[in-house]
Amino acid sequence: MTGKSTPDTMPSGTTSGTPQVLLAHHLKQLKLPTVLREYDKVARECARDGVDHPRYLLRLIELELIDRERRMVERRIKAARFPAVKSFDTFDFTAIPTLNKMLVLELARSEFVLRRENVIALGNSGSGKTHVALALGLAACQKGFTVAFTTAAALVHQLMEARDERRLLKLQRDLQAVKLLIVDELGYVPLSPTGAELLFEVFSQRYERGSTIVTSNLPFEDWTSVLGSERLTGALLDRLTHHVHILTMNGDSYRLKQSSGRRQSRASDKRAEQNQATGDAVDPETGEISAT
Ligand code: ADP
Ligand code: MG
């Protein structure tokens, strides 16, 4: 209920008022904005093409359904609070050969969310972990799942604040309800004992209830340095890795490669010119010279 009801002055049925005005009013109340926007145009098209009434109605309703789905995807994307919207369309798999492309494309079907499985992306800075996490998050939004994106540091900060303000339970329930939680950048900032405990609780409460994606620059054996306690790290990994897909993303920083690639291509152009006379080949990636 919207709380809005037909005012007394608004005639109902067909007693008075132009049908267009009434129709607009009723369609707004029924929340059918696409029908309202399109009914006249589609009616003209159907009259022109000799389409009968049931098919006219079907066309209109289908338009409303398509639009409604699009609006819901947009709403889920907004609610997810992605720092940027990224997809696999702009991801270059050849730049990161350690990454299992088949597995990633399978994960992009979002069935792991349905199965409440987790994903952990491990790799050094700039290797594309956040990009992959964002793209998996976007795919899940498009498939109809609720998603929340955060960083480990921001999440811990939020949890501590909620605890201080005595609304931790509500936040924990909200975090539990989301179908896919993305926790980016575990490992950059060491956590306080309380922070680590609260983060552990989040993973623990989501265990077998929802999917979690974690990205980290640290291999598992170094997670203790972030979480502080070996016991807690063990318990956390136990839950997180029970149903998990691990993405190994060890490669050069895409950012560095892009900028140094530009510099190197200028340098290697020069070197290639110099070496043309001797018959040496220059590797365009590394700028190294190999004798042919
Ligand atoms: P990480 O989270 O591992 O530090 P990011 O995902 O933030 O790395 O990647 C750094 C930048 O490089 C981002 O702008 C990202 O979109 C881009 N990037 C990284 N890897 C790739 C790739 N394989 N194809 C296209 N863009 C990439
Ligand atoms: Mg990142």
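We count ligands from 1, going down the list as the structure has it; atoms in each ligand are counted the same way.
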* Metal environment of the Mg ion (ligand 2), protein N/O/S under 2.8 Å -> Thr130 OG1
* To do: Show your reasoning for whether side chain to side chain contact (heavy atoms under 4.5 Å, CB included) applies to Cys46 and Val42.
  => CA-CA 6 Å; Cys46 286; Val42 179; 4.0 Å; yes
* After noting the C-alpha distance and the side-chain angles of Asn250 and Thr248, does the key distance pass the side chain to side chain donor-acceptor pair (under 3.5 Å) rule? -> CA-CA 6 Å; Asn250 290 317; Thr248 315; 5.9 Å; no
* **Distance-only donor-acceptor check, side chains Thr130 and Asp184, under 3.5 Å** => yes
Just distance, no hydrogens or angles: give the donor-acceptor pairs under 3.5 Å from side chains in residues 196-204, sequence neighbours left out.
residue	atom	partner	partner atom	Å
Glu201	OE1	Gln172	NE2	2.8
Ser204	OG	Arg239	NE	3.3

* Which protein residues have a heavy atom closer than 4.0 Å to any atom of ligand 1, listed by chain and number? -> Lys86, Thr90, Phe91, Asp92, Ala95, Asn124, Ser125, Gly126, Ser127, Gly128, Lys129, Thr130, His131, Tyr254, Arg255
* Asked: So which heavy atom on Val178 is nearest to which on Ala148, and how close?
  -> CG2-N, 3.6 Å
* Among all residues two or more places apart in sequence or in another chain, which pass the side-chain contact (heavy atoms from CB on, under 4.5 Å) test with Ala24? -> Leu36
* Could you go through the salt bridge (Lys or Arg N to Asp or Glu O under 4.0 Å) check for Glu64 and Arg37 one step at a time? => CA-CA 10 Å; Glu64 185 71 59; Arg37 199 180 62 236; over 6 Å; no
* **Intermediate values then yes/no, side chain to side chain contact (heavy atoms under 4.5 Å, CB included), Val183 and Ile213** => CA-CA 6 Å; Val183 181; Ile213 298 180; over 6 Å; no
* Test Asn118 against Ser211 for side chain to side chain donor-acceptor pair (under 3.5 Å), laying out the working first. => CA-CA 5 Å; Asn118 300 326; Ser211 287; 5.0 Å; no
